[in-house]
Amino acid sequence: MSKTATVFVLDVRSWMRAERVRAEGDADGLLHDAALDEEGPLEPTFSEHARKLVALKLQELIIAGRKGDHVAIVLVGTQGTSYWNGGTADGGGSLDFENLTVHDYDPDQPLMRMPNIGSLRCVLDDTQQVCTRGDILEGILLGIFLLKAHCQKLKFTKKILVLTSAGGSLTADFVDPIIGRARELALDFQMIGYGFPEPGDTTDPDKTANAETLRALTRSIPWPGRASDDDINEVASPREAMESIDRLKRKQVNPAVLFKGDLTYGLNDMQIPIRVYSKTMEAKVPSAKKYSGVADSVPVSERPAYGFGDVTVKTTYKFVHTDDVEAAAAASSSTGGDARAGAPERREHPDAQEIGEETEEHENGGVPNADDNKPINAFRYGKALVPFAAEDEKAAKVETAKSMKIIRFVKASTIPRHYYMANTLVVMPDTAFGHAAKMFSTFIESLFENQAVAIIRYCRIANAAPKIGALVPHKKGYGLYTTLPFANDIRVLSFPSFEYLTADMPVAGHGGRDGGRDGGRESERAGADGAQRLAASMSMAPSTTTRSASGMPLSGSAAPASSGFAVPSNRVSQGVAGTQGSTDTDETGAERRVKHKLHTRTVAAADALDAIDALIDTMDISAAHLTHSFNPKQVFNPVQQYLYECVVHRAVHPESTELPPRAPRVVRLVNPDPEVVAQAATAAEKLKQAFGVEKVVVDDSKTAKGIWADRAARAAAALADGRGVDADGHAATQATGGGADEPAATLMGLTQRVVTEISAVDPVSDFRQMLSRRPDDPDTDMVDLAMQQMAAMITQLIAESLGSAFYPKALDALRSLREECVRHTESGRFNAVLVRLKTELLAGGSAGGVMERHKAFWDVVVDAGVTLVSVDESHDSTVTAQEAVDVSACTGVAW
């Protein structure tokens, strides 16, 4: 890991605060704050913007946390003078500069140190006492002396970043010494100029002359990263500088070898020495660490720069003795501990580094400081915990050897894209072996020629869980290894077919519940067609085997059965009309097809496909808009970036109660490009029209939340007036307790759901709720509707009963219907239902043989004593008491 020494030379003279960075040409807000004032974006001063740039660079170094990153901050234009005066580091005498300050200079400390929060606070503090004096060339020369004295003969990458305006005076005698020493140190020199006038500008001749001097100085210092001598170092503008460092960079990780060994293949274990590195790996959001509350009491001036507030967690164990396992489980559930009797209790003792210790006393019974080896692991088996000792776990592990072995070859097209999972590894030849590069290159070239991939069995270390992956050839001469799933890792999901979107326009037909036998026949045909298509897509033709130039077997056009990969059908629009566009006829020859419930297409299939293609073409940035091409290397995770910004803000401003706004320049990287969206607006509108897409306006009053709120409001008003509340929250017509049939305000009445149709789950409850609630439509007779549905539900329960499984529920429903018919003086309705039910059960009736199979239910009805409603029970009945008892003789009862 290389070491880096960076000196920031920051011009803080008073005119840096007087001028502002202009907003012209900054539509993306790169140069300005996210907050807006009444006149537009806030324009920062030169000083504010320069400090922000340095702060961003310091944040990058602090986040990386490398011990080899050392910095120093030189402020030019301070009223006082404080810097290292150890001479020119080559015996040239002491330095005699004025109005220069090196941040946090301490003669007893190294000249340059790791950046910390104090460095950030110094840079962002714009309240320092400054003046108009000071020479930026003196600050640059001081920075060179600091670098040479600190680095000496150590291998450091030396950098200087200068942020200045062209104002003030310059000592021209310092130009040549700066150029000579910068070349001697191979210095990476960068300058950012604020308000530099254009060459030849006569508005301020002194400022123009200073700008030309600083430009000439920058061009004279070679840029270490230049590709050729023609690549000249130039003074960067604020915008160019912000484009390069405005986003927090990820933590740099040096490539580490994950696997060093042999790539084995063939029956004779032919080997190629290789090395494996990580190519892609998900960067995790940093987790929060424990912070000691004791540390807050320490004055800020006494806090160390590093490690302050760290917490050390010590774990001890204690056995809890109990005679009742359930009591132990109950006690554990309330405290979050272990549910087993006699299980060790874990306690954590945080202590603040250099501050003190926070400890907890064991006050409850038991043996404290139990042996740490006593607790063992356990695995769940159903609801039970099965203890598994360390010896068992060791014996259960699969013993494997460290290896990367080729087990077969398949065509690249046979592996579905969604099978590639986990991180990507780079497999390269081990350059320590002269023959490795030639063998591996031949192997990768052979895979390319045959459009094949190698299936690899990979164990990174000995006794590690084996993985199966695919080694994909790359055009640069190395292989990319990606893990493939086992059968346990694959989730099988079923989705409805969307082929109807591109099929011929269907005509209206008879389907669903009203389609009768024709609709059922069409469903059977559609199911058969779907099964045939599924079988065709999963069929594998006999494979042919070829051999590459290196003699390795490669599967042919179809994957062999042993490869485990089926060739899926990727048809979207081809041949679809032949399946769903075909004409089905019933026995009368009439053309019938069912329109899909999601089918809203209003144009022909070809026009719909053209509309989709047009949208894709207008939003394609790979060809016509190369400057906007998507490059993951330039897209940073906005969640991680904003988290770092918030952490930095809290570190610099601990007393602040607010967090900084989210920077638009970071968020826009993962949002649609406004320019691309604007040019695709016409195509998107045509696509909406082609499929009849309309925005659905959600009526909040019809949602569950709105219904509950409406009920609660009605109930509260009714209770305030002293009235009762029905099941729907409506106020009762009489005062509470005034009528026997009026429901009182109860919790059940306020919380029960709105029933509009009787279900087979609880038909009795649904029936009674429908009878008790007020209909939404005043013209709807809720009693009549509920009784019709209840009669139909009784027949349905009997017909769908498996044996006598639903007989009890059907009998309860029949009794409930009889009770409510008597109460609502609808005895004739119930009598007709009972007579019709008897006829269907004993004689077949309109339901045919379905009800005849349930003749036993009529015996259940007779044994339960369910009879017709007589005149003795309801005055509107026409059935005598004798006729009601003799149910079998009541075949002539009229409706």
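The analysis underlying the following values was restricted to heavy atoms, covering all of them including side chains, and did not include hydrogens, waters or symmetry mates.
- In this structure the side chain of Val453 reaches within 4.5 angstrom of the side chain of Ile415, judged on heavy atoms.
- Between Met112 and His70, the closest heavy-atom pair is CE-O, 3.8 Å.
- Contact annotation: the side chain of Ser119 approaches that of Leu58 to within less than 4.5 Å [non-hydrogen atoms, C-beta and beyond].
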Please step through side-chain contact (heavy atoms from CB on, under 4.5 Å) for the pair Ile160 and Asp188, ending with a clear verdict.
CA-CA 6 Å; Ile160 287 184; Asp188 184 354; over 6 Å; no
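- Between the side chain of Ser403 and the backbone N or O of Ala401 there is at least one donor-acceptor pair closer than 3.5 Å.
- We find the CG-CG distance between Leu425 and Leu471 to be 10.0 Å, quoted to the nearest 0.5 Å.
- Taking Pro273 as the reference, Asp262, Asp430, Phe433, His435, Ala436 meet the side-chain contact (heavy atoms from CB on, under 4.5 Å) condition, with sequence neighbours excluded.
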Carefully, step by step, assess Asn116 and Ile62 under the rule side-chain contact (heavy atoms from CB on, under 4.5 Å).
CA-CA 6 Å; Asn116 52 41; Ile62 293 174; 5.6 Å; no
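- A 6.0 Å sphere centred on NZ of Lys279 holds no more than 12 heavy atoms belonging to other residues, nucleotides or ligands.
- For the pair Arg662 and Tyr642, the distance from NZ or CZ to the six-membered ring centre is under 6.0 Å and the angle to the ring normal is within 45 degrees.
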Do Val71 and Val7 pass the side-chain contact (heavy atoms from CB on, under 4.5 Å) test, and can you show the C-alpha distance, the side-chain angles, and the key distance before you say yes or no?
CA-CA 6 Å; Val71 301; Val7 176; over 6 Å; no
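- Between Ser413 and Gln451 the shortest side-chain heavy-atom distance does not fall below 4.5 Å.
- For Tyr277, the ring pair (Phe, Tyr, Trp, His ring centres under 6.0 Å) criterion is met by no residue, not counting sequence neighbours.
- Atoms CD1 and CD, from Ile444 and Glu449 in turn, are 12.0 Å apart once rounded to the nearest 0.5 Å.
- The two atoms that bring Ile468 and Ile455 nearest to each other are CG2-CG2, 3.9 Å, heavy atoms only.
- Judged by distance alone, the side chain of Asn450 and the main-chain N or O of Ala452 form no donor-acceptor pair under 3.5 Å.
- Nearest approach of Tyr420 to Ala470, heavy atoms of both residues: CE2-CB, 4.1 Å.
- For the pair Lys159/Gln190, no side-chain contact is recorded, criterion being any heavy-atom separation below 4.5 Å from C-beta on.
- Glu282 is linked by a salt bridge (Lys or Arg N to Asp or Glu O under 4.0 Å) to Lys284, counting only residues two or more places apart in sequence or in another chain.
- Ala680 and Thr618 get closest at one heavy-atom pair: CB-OG1, 3.5 Å.
- Annotation: the span from Met421 atom CE to His418 atom NE2 amounts to 11.5 Å, rounded to 0.5 Å.
- With values rounded to the nearest 0.5 angstrom, Leu146 atom CG is found 12.5 Å from Thr6 atom OG1.
- A heavy-atom distance below 4.5 Å is found between the side chains of Lys57 and Phe8.
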For residues 151-158, tabulate all N or O donor-acceptor pairs below 3.5 Å that involve a side-chain atom, not counting sequence neighbours.
{"residue": "Gln152", "atom": "NE2", "partner": "Ala149", "partner atom": "O", "Å": "3.4"}
{"residue": "Lys158", "atom": "NZ", "partner": "Phe156", "partner atom": "O", "Å": "3.3"}

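- Contact annotation: the side chain of Leu187 approaches that of Leu147 to within less than 4.5 Å [non-hydrogen atoms, C-beta and beyond].
- Here the closest heavy-atom approach between residue Phe259 and residue Cys459 is recorded as CE1-O, 3.8 Å.
- You'll find the side chain of Leu185 reaches within 4.5 Å of the side chain of Ile144, heavy atoms only.
- Heavy-atom contacts from other residues, nucleotides or ligands closer than 6.0 Å to CZ of Phe486 number more than 12.
- Taking the side chain as every heavy atom from C-beta outward, Lys67 and Met114 approach each other to under 4.5 Å.
- Of the possible donor and acceptor atoms, none in the side chain of Thr280 sits under 3.5 Å from a partner among the backbone N and O of Asn423.
- Of all non-hydrogen atoms in Ala72 and Leu111, the two that sit nearest each other are CB-O, 4.2 Å.
- Checking side-chain atoms of Thr414 against main-chain N and O of Lys411 turns up a donor-acceptor pair under 3.5 Å.
- One finds the CZ atom of Arg113 at 10.0 Å from the NE2 atom of His150 (value rounded to the nearest 0.5 Å).
- Applying the side chain to side chain donor-acceptor pair (under 3.5 Å) test to residues at least two apart or on different chains, none of the pairs has a partner in residues 463-487.
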side-chain contact (heavy atoms from CB on, under 4.5 Å) between Ile461 and Lys402: does it pass, once the steps are laid out?
CA-CA 5 Å; Ile461 58 176; Lys402 174 184 176 182; 5.6 Å; no
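- For residues 388-399, every residue pair satisfying the side chain to side chain donor-acceptor pair (under 3.5 Å) rule, not counting sequence neighbours, is listed here: Asn377-Glu393.
- Distance check, rounded to the nearest 0.5 Å: CD of Gln640 to CD1 of Ile63 gives 8.0 Å.
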